[in-house]
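Working notes for the structure below.
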Amino acid sequence: MKLLLLEVLCTMSEYDPSKVEPKWQKRWADAKAFEANVDHTKKKFMTTFPIAYLNGSIHAGHGYTTMKVDSYARFKRMLGFNVVFPQGWHATGQPIQGVAERLKKGDEVQKRILRQSGVTDKELDKFTDPLHISNYYKKHAKRDFILLGASVDWRREFVTTPLCPPFSRFIEWQYETLKKLGYVKKGTHPVIWCSHCQSPTGDHDRLKGEGVSYSEFIVIKFPFEDGYLVPATLRPETIFGVTNMWIHPDGDYVEAEVDGEKWFVSESAIIKLMDQLHTVKIIRKFKGIEIIGKSCHTPVREEDVKILPATFVAVDHTTGVVMSVPSHAPFDYVALRDLKNNPDMLTKFGLASDFADDITLISMIKTEGFGDHPAKDIIEKMGIESQDDPKTEEATQTIYKEEFHKGAMRENCGKYAGTKVSDIKDILIKDLEVDKITSLLFEPAETVICRCSTKNHVKILKDQWFIAYGDAKWKKKTMDYLTKKMDIYPPEARQAFVYTINWLRDKACARKSGLGTPLPWDTEWLVETLSDSTVYMAYYTIARIINEKDIKPEQLPNELFDYLFRNKATIEETIEKSGLTKELIEEMKEEYEYFYPPDFRASAKELIFNHLTFYIFQHLALFPKNHYPLEIEANGMIMIESEKMSKSGGNSVTLKELIEKFGADATRFGLAYCGEGYSDASFRFADAEAAGRRIRTLFNEITTTTFSTEEKRIDQWIISRLQKKIIETAEHYQNVRTRSAIGSGFFDILNDMKWYEARSVNIKGPGYRDALLTLVDLLTPIIPHFAEEVNETVRKTKDGFASFRPFPKADKKRIKNKLEQEEQLVKNVKEDIDGIFNAIKKQEKKQASKIEVFIAPEWMNKILKIRRDKPANLIKAIMEYDDIKKNGNKAVKYAQKLTKHPGIDSTLNAKSEFTAITDAINYFKREYNIKEFQVTYASKSTHPKANVAEPGRPGIAIDFS
RNA sequence: GCGGGGAUAGCCAAGUGGUCUAAGGCGCAGGACUGAGGUUUCUGUCUCGUAGGAGUUCAAGGGUUCGAGUCCCUUUCCCCGCACCA
């Protein structure tokens, strides 16, 4: 029977998130609580989270950023704003097709990822259809947002690409407008290219060379026979130190007609030259050995140099011809030394054994810390024996770095003498170009091998469509707007925006494969992912009407968008072209004018370098000034238990898994608490679990505690503290610092409540009740389901949601600094007593019989007060007062201590200290289980401990019986 | 390589010169409660210490200062971006 009662009690008080949370999610939906409509009596607030990509489940990372957005949205709602938080989906590009294709091939990793997101084996073969994939993930993603309790207005949903034809129309309008404004134009662009697959090789398509980009090599034309021998180099300035040329004796070379000139290059260079927009015709093929021993002519220095054999020459790299600068290039030095030391390497090719002997090193760069011939020095120092030694590469890097940063051109470099190496490249290239001595050749910085195992080269794509992010005026406008008008959270992220705006060049905005909206004027091209996701937030404002009225793409002509978003077309034209009623069009216009621009947008920080910056650029190009975006938050990545999350690595955690395990509120708490600001966050399961426990016990406490109505001193104290916490917490929310908001709005208040309990035993008064309920309000943006439940069961609110309660307002009149200081003094005294007890070894610790506390004499407070006026000489200043002077040595010592430690201070006077401690006598008696606790003015006692009393730090004497 | 951000105790993290004592959370240990477990709560959690003390610590090394986790320099390591890819 007793057991039964206990169980009943348990179930009664048990807070069960798995029942409470769905209940409130349903009620919010039924009441259309988060559906925001135009309401001119209220200020609007539009907040957005990037459209989620539909190639996988919503995971913890989405959850992390979503919590920044949702808690901010909920905070603003409590401040009285008419908040709209729309959400759409992203399907543009290759990845969704990629999933389908990998699945067709039976890829096991892909199958595992799909199974993890809840796909049964039976359904698996449907996922070979991209459309099915995006629909599937869309459905699940929306469900996950709802399960988390995100306060989204779902009427404004859409998906990119022709999967949602009205949205495609919006993109068509966007790009036609950008083109009209001159921001979209045609151009060429180099890409890493696979000649076998006939397509650019993206990072994910590479067997080798992930993340490798291309470098610009300078091809220099050395007159040779009736044409040119053309080495390619990254260091054109070393042309002043060229002593000979290197050719691989066994290499396949060709004589070819390149843009009307005759070039001698490796056979493998031909395809690169052709793909880099040169006209090329092969005349004949030959082996390298054929021209070894001949001479060519150096441009600039105007001398003949010999062509010599070298095995280190990589024939398939650049042009397969290398100019030799043995003074500064380790490979060249070693190769030359080899030839001189082994005459048979020369005689083998029919050359005289002393053929290379007359070649002397030419030093042409002076670098601090190096001799005349840095290559020679480093080779000898590192003990490199031959040109095939791998250390030679390392030596090359070292010299290149040093010379580039610290080196300057020597006197033998003509008009360039004295120029820094780091500056010369651009100057020299310009000069050489004028004389038509050079040409550009792009080559991957490191070897790139395609999945099809073909070695890749660089191809320059023609007729590419670009967005002119490199446009100087557009950049300046964007930069000005960013620096003058935008709020960026956290502040560190601003640097990244500035950097990105400066660095951006024209960006290719269309591709030929994947999903996407075709460019209206050139339909074989599809607008690519990062380009169709820049201003879609404007579409949210009209999406509700388009969805509800089922408006067809043909009813959305450019004139409509021009009228709505740019004030360009007239209403009459718009009605005529769209066939929509005036009423409907004006309704759309009103929605847009009311809700736009997005006030707030949050995303992971890596998107600053593309998406978030494009977002600013394009808004400035397309929309009127009053509709430019306002605040951006960029957060770090989320890690799980300090490990990077990776889908293929198998430690990816879906949002749904978290919610099933901990409940929505505990998950929200965990996500909000695991990080903030620019550095990476780490989600910890233990934290989410602890949050769940705290929520349950908090609920029990709220529902079961009876409060007294008598307001005591400690109630005033906690209320005073509370006002400060309200101010702090509101500030943290405003700065999107969810972790700090939980710190001040939850943990700090909880600690104050603990102290309150310790001080007042079993009585919980109005202050405690205030703290408890205010805490719930402060946390409503983080744990809304809980807040709703409290609102209903405790506040007995019949209609209206906790989500719309006003955010607590601090009452500054209730802040009592003196009272707080007095309470702090009590805490300090407790800590000191604890310190004393701690210092006594446990086994010898006896029951204390009496504790006596000595309050420092008032003249010491006077010294503190005098010091606050910052006199030049404190000791001199205090001696002008007789009451201090008569304490002589003691006063001087205290003054000296204060000078040494400027931080020591206390503004309470002796009388306040006395009252405060006296008020806490019962507390101390209880805490230490003693009969006698006495407070005495130090001036009235001869006890030795009375002497150590200082303001803010009373003397303490403990008697043991 | 270039640009940006970092490195604080077992873990996460607050802390941009001043109470000679480095918040808070998690975890862990012990006590209380319980038949037990969980919850809750108290105490402890760098070292030494029978009177509130002493010493050592904030990636490493150096410097500035009466005083440095905090400012400066050097080094090492980590994260993000470097594009046509979402």
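Not measured: the values here are computed from a predicted model. Note that these values count all heavy atoms, side chains included, but never hydrogens, waters or copies made by symmetry.
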Mind checking if A/A604 touches a base, just sugar-phosphate, or nothing, with heavy atoms under 4.0 Å? nothing
Could you state the CG-C1' distance from A/N635 to B/C80, rounded to the nearest angstrom? 12 Å
From CD1 of A/I608 over to P of B/G5, roughly how many Å is that when rounded to an integer? 11 Å
A/M753 CE to B/U41 C1', in whole Å, measures 14 Å
Which residue pairs satisfy the salt bridge (charged side-chain N to carboxylate O under 4.0 Å, His left out) criterion with at least one member in residues 493-502 of chain A, sequence neighbours excluded? none
Counting distance alone, no hydrogens or angles: does the base of B/C84 have a donor or acceptor under 3.5 Å from a partner atom on the side chain of A/K507? yes
A/V191 near the nucleic acid: base, sugar-phosphate alone, or nothing, with a heavy-atom cut-off under 4.0 Å? nothing
When all nucleic acid strands are considered with a 4.0 Å heavy-atom cut-off, which category describes A/P954: base, sugar-phosphate, or nothing? base
When A/F614 is tested against each of A/Y183, A/F609, A/Y469 for ring pair (Phe, Tyr, Trp, His ring centres under 6.0 Å), which residue passes? A/Y469
Side chains of A/E701 and A/Y768, donor plus acceptor under 3.5 Å: yes
Quickly work out the A/H611 NE2 to B/C84 P distance and round it to whole Å. 19 Å
Assign a letter to each nucleotide of nucleotides 23-30 of chain B from its 5' end: B, base within under 4.0 Å of a protein heavy atom; S, sugar-phosphate only; -, no contact. -BSSS---
